[in-house]
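Predicted, not measured: the structure shown is a model, and the values here were computed from it. Just so it is clear: chains get the letters A, B, ... in the order the sequence lines come, proteins before strands, and each one is counted from 1.
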Amino acid sequence: MTPTDGTPTSQSPAPTPAPDELPTTYRAADVESALYARWQAAGTDVAHAERVTRMGGGRDPYTIVMPPPNVTAILHVGHGLNNTVQDVLIRWRRMAGDEALWLPGTDHAGIATQNVVEKQLAAEGSSRSALGREAFVARTAQFVETTGGQILQQLKSIGASADWSRTAYTLTEPMSAAVTEAFVRLFEDGLVYRGHRVIHWCPRCMTSLSDEEAEFNETQGAMYHIRYRLADDPSQSITVATTRPETLLGDVAVAVNPTDERYAAFVGRQLTLPINGVHIPVIADDYTDAAFGTGAVKITPAHDPNDFEVGKRHALSAPIIMDAEARMNGMGDDAHRVPPELRGVDRFEARERIVNMLRDQGALVKVEAHQHSVRHCYRCDTVVEPRLSDQWFVKMAPLAAPALAAVRTGRIRILPERWEAVYINWLEGIRDWNISRQLWWGHRVPVYYCDSCGAAPKASRTTITTCPDCGAPARQDEDVLDTWFSSWLWPMSTLGWPNMESSDLKAFYPGDVLVTAPEILFFWVSRMIMSGCYFMGDAPYHTVYLHGTVRDMQHRKMSKSLGNGIDPMDVVQLYGADALRWTMVAGMGLGVDVLLDPTDLEKSFAPGRNFLTKLWNIGRFLLTKVGTEPVQPLSAIATESLTIADRWILDRLDAAIGEANSALGPVRPGTGGCWTEAERTAGMRLDAYADAGRRFVWNELADWYLETVKPRLAAGGADAEVARAVLVHCFDGALRVLQPVIPFITETLWAKLPAISDGSARGTEFLTTSAWPAARPARAEGGDAFELVRNAVLGIRQIRNEYKVKPGKSVAVTLLPSAADAAPAPLLAETIGALTRATVTIRGTEGSPAAAGGASAQQVLTGGTEVVIALSELLEAESAEDTAKECARLRSELDQTQKILDGVRAKLSNESFTSRAKPEVVDGARAQERDLAQKVDALTRKIEALCGTR
RNA sequence: GGGCGAAUAGCUCAGCUGGUUAGAGCACCUGUCUUACACACAGGGGGUCGGGGGUUCGAAUCCCUCUUCGCCCACCA
């Protein structure tokens, strides 16, 4: 954690605020945990299956299953981002009237957890083998029991509104039953099989890995060229090239391309392996690329997947020359292949020694630098060793087909869209999935063997202790299943599958959105889709939302080892959960990385903290000015009594609601259950949604409406009542829109809003369970006139600033509106004046600039309205210098304006443009021409007045 | 080696099917403690939209090409 100097929010001891008195800055710590507890007590986050339409209820279901974090994990910002996105969606839909279920849980994380416990044991001078299987599993379960699930508590402190009553864990009884059911069913369907082949083996974790778990790393290695001499004529030889010379002890052949004339004479003859002297044949196989390396490949079937295939084609043996810990060791009949001095030597040590031995024997032709990809264990980063063994595999092609179709037909969309291509590409070339692991922590493979009668292995839903064929004791498979084999069932198993009568399953499957990071698209996302299609006959969700990664300022992924992480709990403590949530959501484009500076939390989370303080102060102002007396419902206020400002802000609120809705987008695909092309990429712009709320509350409500309403409230009377009603309505709407991102502060402020006088109240006790706002059915016309006020105020401020008029000084302003219908002039003038410390006179269009009298500063606003202020008002003592400067400025402005005008006129006189461009574009250009012409005119007159004609 | 994506203000990014003077946040500069907020308010500067070519009346937007980054996949020993 980075100390930040003087952060009042967290460091000053909170003085207990008098009741009804709000401190000037929002103190998250004062409200968040207590409020969360109140939500929990009220059960605001619990979903009810019977309320869902699929169960005869009245609400659409909206389901998100949480990507289960590792049970022993500690919350990091990545989790924070992931869960905040889900929480925003869930809270939005909950307010919108859906039966929203966010299903949380944790994953037993086979390898990861086992590694942690093994490390503990090592520190105690023990090991898993010393402990034995049963004790080790008990110990690990104990470890999970005491330290696990912490992360779920942490999620609560960032405001996650998951349904904790349904919290799941992959190693519980029901989840295990689901795993067994899935395995057995696939087994019965012929989609699970036992395979004897070369797989990725982690010699540190002592288990096999799937293709996805063995990650590529570009590594600078070496290519060793080694000479193998002919057995019957040592003067002749073939040179092979390899990156792993130690494997030569297991070579059974050298392969050359059948068309390679260089080696044609060698095919069929025997070579002598250096070091162990074993004789191996030269074979011809298409696998060898004559153009690569030396054009001759050593074949080591037991230690290379390709070589294994070549070996099978040529009926060659597959001697194993390394043990499970990747030490050199020959097995059984092949023991002689590893010379005594190399036995038990680690593979990398052996590599060096063998290279030296080859050099001594003159068999090492050359060593060249070679950059290549080496696979590493995704859990411990150890270099993976290809190893021949028996493993359980899932046949993937039949599962992949419906999963491909789901995306192709639009049943599922993946956002950002570009990942769809990646998904399709992977599924099209999918390979079988190795699901067995030589670990102890996980779901045991539900397959049983009989050693006495030799019956075929049986997969069983229930434990088999005696062989059904001969009655001898049966033996269960020692291996456990890949962690991801339980994860891929998660969207179903957490809802009660395989019990098809489970009300949760019926009500909430299929779900809606999966929110996760692109890294686990293959590990998890696509497999869930496959299992959903296979076991449930339908995909588990319609939208896959892949968010970016949280990175530091050098764009490095935050990681423990780099020490560049941010602890979300620190942020919560300093600025509150809302600030954390806001900063992440507002700073996050679709699929775009979030950049945060771990060395400066103050700077990183300023956007969130600043916005919260602003919102808090808007609330303070509003609540103190409006008071606690009930306000009239908006519906009770006659349209005529609404001022232009009222009409305008009500329009703006409706617009903000509309923008939030379209940013969040279509909730689910329309009829037919498939996304249309237009819908497919729409919505899920959480940053745009947050921005719509921020803009309304800050740039419209606070910056403009609040300022205009001050005098009205002070004046009291009927108009003040109108203002109060509008104010409360708008703030209420803003809080509703913002609740999903910043639930704590909005709930706190909302609770303090005055009641509605007709007793209609606001529906619920909590904002979080209140209704998502809707635009008014009918708007009151005339709010647009407020744009004149805004433009005039901006114009006056600009002029005042240019002339450096002291903020306290008031000036006389003449306004010449372009449109004759310019609404109630006196009221507008008063409003403008109040906002700019000016005495404003509004003249009709007949008023001429000359009428403003003498030399003046003028500004033409959008729409053609002119703001005129006499120079005598602006210049304390008008100096020749000032005048000259102003003249120069005006002339250059005139030039520029004229240039733009010429351009627009040229465009307008071009028939191709007027006939082909869209009508509204042409109209826009015409309006622009009018405005520009007026501006040129005004500038010309101004220059005449101030600088004299030239 | 294959595939995909990106290049717009100092930084992070918006700019929809080509059409007003290319926007936002942060950063920067100037002024202001204006009785909700200095975690604020007001004003301002800053971009030949990666280079080159093409299509078009018109290109940040479409096409080609080059350059530079990033991501995913891949059994080249």
Side-chain angles (χ1 to χ4, degrees), chain A residues 7-9 22 24-26 198 216 223 240-244 247 255 287-289 291-300 304-309 370 372-373 386 416 418-419 421-423 425-426 429 518 521-522 553 555 575 579 586-589 591-595 602-603 606-625 681-682 685 687-688 691 694-695 702-703 706 710 794 797-798 800-802 804 806-808 836-837 896-897 899-900 903-904 906-907 910-918 920-929 931-932:
Chain A
T7 320
T9 14
L22 302 170
T24 54
T25 47
Y26 170 62
V198 175
F216 280 107
M223 179 74 86
V240 297
T242 180
T243 52
R244 294 186 296 148
T247 62
Y287 163 66
T288 307
D289 176 359
F292 185 86
T294 61
V297 188
K298 58 193 272 314
I299 300 299
T300 325
D304 185 285
N306 302 307
D307 292 6
F308 182 73
E309 293 305 314
H370 181 69
H372 60 145
S373 293
R418 62 193 145 89
W419 288 103
V422 177
Y423 171 92
N425 193 32
W426 184 75
L521 182 60
F522 305 140
M553 300 319 274
H555 296 211
Y575 313 114
M588 178 190 68
V592 175
D593 292 341
V594 177
L595 300 191
E602 159 81 19
K603 189 181 162 195
R609 185 204 52 182
N610 293 358
F611 177 56
L612 295 187
T613 305
K614 182 70 185 183
L615 184 63
W616 184 252
N617 277 295
I618 293 167
R620 274 180 74 212
F621 169 82
L622 195 137
L623 294 168
T624 50
K625 295 292 178 193
T681 57
R685 265 57 173 192
D687 56 333
D691 199 52
R694 187 195 59 82
R695 250 192 3 255
D703 287 351
L706 245 42
K710 283 176 181 175
L794 293 173
R797 281 176 185 164
Q798 254 174 42
R800 287 183 67 118
N801 240 289
E802 258 173 51
K804 309 241 176 291
K806 289 263 184 312
T836 53
R837 281 181 189 270
Q896 214 178 336
T897 312
K899 231 178 266 169
I900 299 166
V904 174
K907 180 159 57 173
N910 185 331
E911 206 194 316
S912 317
F913 172 68
T914 48
S915 60
R916 284 188 231 176
K918 281 180 236 152
E920 63 266 29
V921 173
V922 179
D923 286 348
R926 293 225 172 85
Q928 190 196 0
E929 192 213 358
D931 289 357
L932 287 169

Inset, instruction - Could you give the distance separating G2(B) and G46(B) at their C1' atoms, to the nearest angstrom? - result: 42 Å
Legend entry - Any side-chain heavy-atom pair of Arg694(A) and Pro607(A) under 4.5 Å: no
Inset, instruction - Determine the contact category for Ala702(A): base if any of its heavy atoms lies under 4.0 Å from a base atom, sugar-phosphate if only primed atoms, P, OP1 or OP2 are that close, otherwise nothing. - result: base
Inset, instruction - To the nearest Å, give me how far apart CG (Asn617(A)) and C1' (C37(B)) are. - result: 4 Å
Inset, instruction - Please confirm whether any donor atom in the side chain of Lys614(A) sits under 3.5 Å from an acceptor in the base of C37(B), or the reverse. - result: yes
Legend entry - Gap in Å between the two C1' atoms, one belonging to G18(B) and one to C75(B), rounded: 47 Å
Legend entry - Between C66(B) and G23(B) - C1' atom distance, rounded Å: 30 Å
Inset, instruction - Kindly write out the residues that satisfy side chain to side chain contact (heavy atoms under 4.5 Å, CB included) with Asp593(A), not counting sequence neighbours, or none if the list is empty. - result: Thr549(A), Arg551(A)
Inset, instruction - Starting from P on G25(B), measure out to CZ on Arg685(A) and report it in whole angstrom. - result: 21 Å
Legend entry - Interatomic distance at P, G10(B) relative to G1(B), whole Å: 35 Å
Inset, instruction - Return the stems involving RNA chain B, sorted by first number, where pairs are Watson-Crick (N1-N3 with N6-O4 or O6-N4) or G-U wobble (N1-O2 and O6-N3), both under 3.5 Å, and runs are 3 or more long. - result: B:1-7 with B:67-73, B:10-13 with B:23-26, B:28-32 with B:40-44, B:50-54 with B:62-66
Legend entry - Which atom of Arg800(A) lies closest to which atom of Arg837(A), heavy atoms considered: NH1-O, 3.0 Å
Inset, instruction - Using a heavy-atom cut-off of under 4.0 Å over every strand shown, decide if Ile618(A) touches base, sugar-phosphate, or nothing. - result: base
Inset, instruction - Would you mind reading off the distance between Phe621(A) atom CZ and A40(B) atom P, rounded to a whole angstrom? - result: 18 Å
Legend entry - Position toward the 5' end of RNA chain B (nearest nucleotide), Arg797(A) or Arg620(A): Arg620(A)
Inset, instruction - Give Lys625(A) one of three labels, base, sugar-phosphate or nothing, depending on what nucleic acid heavy atoms sit under 4.0 Å from its own. - result: sugar-phosphate
Inset, instruction - Anything under 30° is parallel, anything over 60° is perpendicular, the rest tilted; go ahead and classify Trp426(A) against Phe522(A). - result: parallel
Inset, instruction - Let me know, please, whether Leu706(A) or Pro607(A) comes out on the 5' side of the other along RNA chain B by nearest nucleotide. - result: Pro607(A)
Inset, instruction - Could you check which of U56(B), U12(B), C39(B) has an atom nearest any side-chain atom of Leu595(A)? - result: U12(B)
Legend entry - Touch class at under 4.0 angstrom, heavy-atom based, for Arg800(A) against every strand present: nothing
Legend entry - Spacing of Thr300(A) atom OG1 and Asn306(A) atom CG [to the nearest 0.5 Å]: 11.0 Å
Legend entry - Separation of Glu929(A) CD from Lys907(A) NZ (nearest 0.5 Å): 11.5 Å
Inset, instruction - Taking the side chain as every heavy atom from C-beta outward, state whether Leu794(A) and Arg797(A) have any pair of such atoms under 4.5 Å apart. - result: yes
Inset, instruction - Check every strand shown and say whether Asp703(A) touches a base, only sugar-phosphate, or nothing at a heavy-atom separation below 4.0 Å. - result: sugar-phosphate
Inset, instruction - Would you mind reading off the distance between Lys806(A) atom NZ and C41(B) atom C1', rounded to a whole angstrom? - result: 18 Å
Inset, instruction - Determine the Euclidean distance between corresponding P atoms of U12(B) and U30(B); express it in Å to zero decimal places. - result: 25 Å
Inset, instruction - Rounded to whole angstrom, note down the C1' distance from A60(B) over to G51(B). - result: 15 Å
Inset, instruction - Name the closest nucleotide to the Phe913(A) side chain, picking from U12(B), G19(B), A40(B). - result: G19(B)
Inset, instruction - Check the distance between U12(B)'s P and Asp593(A)'s CG and give it to me in whole angstrom. - result: 11 Å
Legend entry - Trp616(A) CH2 - A40(B) C1' separation (whole Å): 17 Å
Please enumerate all protein N or O atoms sitting under 3.5 Å from an N or O of nucleotides 28-34 of chain B, with distances to 0.1 Å.
none

Inset, instruction - Would you mind classifying the nucleic acid contact of Lys710(A) as base, sugar-phosphate or nothing, using non-hydrogen atoms under 4.0 angstrom? - result: base
Legend entry - Non-hydrogen atoms of Val240(A) and Val297(A) that approach each other most closely: CG1-C, 4.4 Å
Inset, instruction - Kindly indicate whether the side chain of Asp304(A), heavy atoms from C-beta on, has any atom under 4.5 Å from the side chain of Thr247(A). - result: no
Inset, instruction - State, to 0.1 Å, how close Ile618(A) and Leu706(A) come at their nearest heavy-atom pair, and which atoms those are. - result: CG2-CD2, 4.0 Å
Legend entry - Approximate separation, where rounding is to 0.5 Å, of Tyr575(A) OH and Thr613(A) OG1: 11.0 Å
Inset, instruction - To the nearest Å, give me how far apart NE2 (His555(A)) and P (A6(B)) are. - result: 17 Å
Inset, instruction - Quote, to the nearest angstrom, the C1' distance that separates A9(B) from A27(B). - result: 11 Å
Legend entry - Phe621(A): partners by ring pair (Phe, Tyr, Trp, His ring centres under 6.0 Å), with sequence neighbours left out: none
Legend entry - Between C39(B) (P) and Glu602(A) (CD): distance, integer Å: 9 Å
Legend entry - Pairwise P distance for A36(B) and A42(B), with rounding to whole Å: 15 Å
Legend entry - Counterpart residues, side chain to side chain contact (heavy atoms under 4.5 Å, CB included), relative to Asn910(A) (two or more places apart): Ser912(A), Phe913(A)
Legend entry - Annotated protein contacts, base or backbone, on nucleotides 68-77 of chain B with a non-hydrogen cut-off under 4.0 Å, one of B, S, - each: ---SSSBBBB
Legend entry - Contact summary for Trp419(A) and Leu521(A), nearest pair of heavy atoms: CE3-CD2, 4.0 Å
Inset, instruction - Just call it for Leu615(A): base, sugar-phosphate, or nothing, with non-hydrogen atoms closer than 4.0 Å on any strand. - result: nothing
